[in-house]
Amino acid sequence: MAALGVLCLLLGAATRVPASAPGAEFWPGQTAADILTGVAARRRYLLYDVNPPEGFNLRRDVYVRVASLLKTLLRSEPWALVLPPWGRLYHWQSPHVRQRRVPWAHFFHVPGLRRDIPVLEHDEFVAESGGPFVDQVYVLQGYAEGWQEGAWEEKVDARPCIEPPPYSQDKHEYFRGWFWGYEETRGLNVSCLSVQGSASVVAPVLLRNTSARSVMLDRAENLLHDHYGGKEYWDTRRSMVFARHLRAVGDEFRSRVLNSTDEADGFLFEEDWTRMKVPLGSARGGPYLAVHLRRKDFVWGHRKDVPSLEGAVRQIRSLLRSHGLASVFVATDAESGELEELRRLLPEMLRFEPTREQLQLYKDGGVAIIDQWVCAHARVFIGTAVSTFSFRIHEEREILGLDPKTTYNRFCGDEEGVCEQPTHWRVTF
Ligand SMILES: Nc1nc2c(ncn2[C@@H]2O[C@H](COP(=O)(O)OP(=O)(O)OP(=O)(O)O)[C@@H](O)[C@H]2O)c(=O)[nH]1
Ligand SMILES: *[C@@H]1O[C@H](CO)[C@@H](O)[C@H](O)[C@H]1NC(C)=O
Ligand SMILES: *[C@@H]1O[C@H](CO)[C@@H](O)[C@H](O)[C@H]1NC(C)=O
Ligand SMILES: *[C@@H]1O[C@H](CO)[C@@H](O)[C@H](O)[C@H]1NC(C)=O
């Protein structure tokens, strides 16, 4: 009975391969026998996690770096990337909302990711690999001795852990740790790797130094981009299309509150990102100014490049005037006191305010994405200096084909001398 079950699983996997496991297409060494037994029965799994304090938008950037490593691995062997469930994010503070073990499909269009690399949700990995086990955990770290003088060198070495790794052995000598909130998950082996360099620097270790079938890279933010801003970077970035239900809410808000539709505003959006290639400046954007005002920890630090609310409103009014716009959409993480103050200074501001049910459904992460989607469709956008939330909006507007002059703008601090504006990164197709 059990054997029959396994056989059915294998056959099931085999027949599903072409549709749900694009890894098949990426693996040059594949034979007919591989297809019969199912690539799923043979492939290896790459898992990863990021330093807990990092926010949602920095994590999106780490995904691009790890995807690039996966592409390198696929040149030699069939691998799949296991999407790290979302949770325990410092900024997700709404009470009574379950915000752990959140699958990627909540925020992203997973079929879009699969047009770039083979990915699995965590639950799919557990089902396919036969249980909540990670064979090898590598905790990535820098070099204890720091950067050595002389030429920059890419390197990776097995080294003692500089800090005690956040895993401990249970009485069966399995390693227990956070594992995205999956208490039942166990690591079979944990060790530290010192890395210096781009994501693919660890590929030889995964291919040759370990035969573990599932390998997790913890603290994956230690890996740098293989080629920031290149075609591979943009392919992966473009594949991170927001989930359909979030786009729908954003579009409904645009149309109802901001009089903005794709037809009227020149957007040629395709859900299938591989078919979307629009020239810069082809989209006009909806008839509103959008602003991203990052507050909270950005203000507590009293940073020079973040304005007071009065300063921000002065800049908003000036932009409305110079662009002949009457509406302003505000995305912000300001807390209630600051928000009231902002409403007093800018009574006409429009905001996406979710109902309790919407917040339950979309969660803090989904609401932030709706804010980003609305900002991405504005005629003119202005963001906050060095906020990755604003950076992701820049990229989205670039993909949507808006004129860069309307995108790469940021608020200046009240006392800031030279207020340098953000860098323009062009999509490479
Ligand atoms: N809804 C909404 N949430 C926001 C906004 N700005 C910031 N946030 C929340 O605060 C978090 C912090 O911003 P992130 O950019 O993701 O965090 P980060 O990666 O540390 O990046 P920084 O902005 O550079 O700190 C976001 O993920 C959101 O949860 C906003 O305008 N609207
Ligand atoms: C990987 O294996 C090679 C060859 O045995 C060895 O020189 C190298 O130090 C190993 N690297 C790591 C990170 O274990
Ligand atoms: C655990 O991993 C380390 C580093 O890859 C390796 O040297 C060691 O043999 C592994 N231990 C077991 C029990 O597999
Ligand atoms: C909405 O936009 C259309 C053109 O895009 C314009 O003709 C119409 O007057 C606008 N409606 C309002 C209420 O502003």
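Position 1 is the first residue of the sequence; numbering continues from there. Read the numbers this way: they start at 1 and go in the same order the structure lists the ligands and their atoms. No experiment lies behind these values; they were computed from the predicted model shown.
Nearest residue to atom 1 (C) of ligand 2 from Asp157, Val156, Asn209, Val205 is Asn209 (criterion: closest heavy atom). Closest to atom 17 (O) of ligand 1 by heavy atom, among Ala334, Gly365, Gly55, Ala385, is Gly55.
Distance screen at 4.0 Å: atom 8 (C) of ligand 2 has a protein heavy-atom neighbour inside the cut-off. Distance remark: protein heavy atom present below 4.0 angstrom from atom 5 (O) of ligand 3.
Distances between N or O atoms of Asn57 and those of ligand 1 include at least one value under 3.5 Å. Considering backbone and side-chain N/O atoms, Glu54 never comes within less than 3.5 Å of an N/O atom of ligand 1.
Residues Leu83 and Phe108 have side chains not in contact (no heavy-atom distance under 4.5 Å, counting atoms from C-beta outward).
Within the 4.0 Å heavy-atom cutoff, Phe298 counts among the residues contacting ligand 1. Residue Arg294 places a heavy atom less than 4.0 Å from ligand 1.
The proximity of Asp371 to ligand 1, defined as any non-hydrogen pair under 4.0 Å, is limited to the side chain. With a 4.0 Å cut-off on non-hydrogen atoms, His292 touches ligand 1 through its side chain and not its backbone. Of the heavy atoms in Val386, only backbone atoms (N, CA, C, O) come closer than 4.0 Å to ligand 1.
Under a 4.0 Å criterion applied to the non-hydrogen atoms of Ala368, ligand 1 contributes the atoms 1 (N), 2 (C), 3 (N). Taking every non-hydrogen atom of Leu58 and a distance limit under 4.0 Å, the qualifying atoms of ligand 1 come out as 19 (O).
Remark: the Thr407 side chain and the Arg397 side chain contain an N/O donor-acceptor pair separated by less than 3.5 Å. Donor-acceptor pairing under 3.5 Å is lacking for the side chains of Trp273 and Asp235.
Here the heavy atom of the protein found nearest to atom 10 (C) of ligand 3 is Asn189 ND2, 2.3 Å.
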